[in-house]
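Counting starts at 1 for both ligands and their atoms, in listed order. Quick note: residue numbers are just sequence positions, from 1. Computed from a prediction, not measured in an experiment: that's the story for all the values here.
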Amino acid sequence: MDNVQIFDTTLRDGEQSPGFSMNREEKLQLARQIEQLGVDIIEAGFPIASPGDLDATRAVAAEIKHCRVAALARARQEDVEAALRGLEPADKPRLHVFLATSDLHLKYKLRTTREQALEQIAKMVRYGRQNCDEVEFSAEDASRTDIDYLCQVVLAAVESGATIINLPDTVGYSTPDDYGEMFRKVRARLGAHPNVVLSAHCHDDLGLALPNSLAAIDAGVRQIECTINGIGERAGNASLEELAVVLHVRQDRYQVTTNIKLEMLYPTSRMLSKITNVSVPPNKAVVGANAFAHEAGIHQDGILKNPLTYEIIVPEKVGVPARRLVLGKHSGRNAYRSRLAELGYETTDVELAECYRLAIALADAGKEITDRDLVSIIHKVRRQPATANAR
Ligand code: KIV
Ligand code: ZN
């Protein structure tokens, strides 16, 4: 089975989004955790952006030794020099050079021509390659770039020394079919360069970042750029934890592996939330508070009999401490009996029936039943005379 390289850009694209900025120490703390998580490449920052970003990139590059450290630069001399300075302390550096390639960006944002952009790309990739062992080139807005021109860009970058070509869906506009097709066409034009690694980088503006990343894998892409909790510009990037879990749970379908240690996913997600003070929506796949919580009585009963009835992966596998059966008015007696037993109270059928009646009354009043409620209910039931319990 092929291995898909995971390129984490939480510290760069993720940090770029409002509310997620991190200081040097916070970036370092998260970088250590992301390294433990098993990613292959950490993008540490965009050093031209600020002296603080340069400093944080250098700090990450000096400390992170198991995975490769990347730094971003526009295809401009001063950017590339700043990124190279950021990467100086790295054992395994990767210079990440990008330039927009769609006509829209060339004409309105960069006010340049296709020909000039091609020259600039070739020149900066060549310069980067003379100063760094590994260069990745990204064609910003690739998914809205004329495909023939995109192929010319890719060939120019490869012939100038780039060995990884990233084709981002910068504005989250692509659909899985379109995105996969773009990679197939580019791969076909790269016939003479079979070792070039193609990479996907998807934004979630239409909620398609994950499906687009998966379509890219189907089309032969072997590096995916993503972030913890899916943070990133606007609606964010593809979420690392969702990607890693899909590739694990549906390995039968995608036939690829990753180096991610799944049990580190939840702690890493929590660490990011804690550092940035931004919580994860409760219904978020894999790491949301409700991702493994079951409230409906029928579901709880099924889970207690065999977790496979309603769970496609055990919570512990992704580092979630323990399955949470939310006790409420939809919960069945079996769920109440089980939680009481976990709390140390083995109940008779009569006691359980009374506990259940009191708990449902409380839940009907709009309350979620906590462990503390249950303990006070069972004590109350046990204080009642036996005849009352036998009702
Ligand atoms: O979304 C994008 O195009 C990017 C590139 C700079 C890689 O973040
Ligand atoms: Zn991006």
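- Remark: the H203 side chain and the E233 side chain contain no N/O donor-acceptor pair separated by less than 3.5 Å.
- For ligand 1, the protein residues placed under 4.0 Å by at least one non-hydrogen atom are R12, D13, H96, F98, S138, E140, N166, P168, T170, H201, H203.
- Every residue two or more places apart in sequence or in another chain that forms a side-chain contact (heavy atoms from CB on, under 4.5 Å) with D79 is listed here: F46, I48, A73, R74, R76.
- Residues meeting the side chain to side chain donor-acceptor pair (under 3.5 Å) test with D146, sequence neighbours left out: none.
- Counting only heavy atoms from C-beta outward, the side chains of D141 and T101 never approach each other to under 4.5 Å.
- Counted by atom type alone, E25 and Q29 present zero donor-acceptor pairs between their side chains at under 3.5 Å.
- Salt bridge R32/E35: absent, no basic N to carboxylate O contact under 4.0 Å.
- Between the side chains of N229 and S269, at least one donor N or O lies within less than 3.5 Å of an accepting N or O.
- Under 2.8 Å from the Zn ion (ligand 2), one finds the following protein N/O/S atoms: D13 OD2, H201 NE2, H203 NE2.
- Between D148 and R189 there is a salt bridge, with a side-chain nitrogen of the basic residue lying less than 4.0 Å from a carboxylate oxygen of the acidic one.
- A 6.0 Å sphere centred on OH of Y149 holds more than 12 heavy atoms belonging to other residues, nucleotides or ligands.
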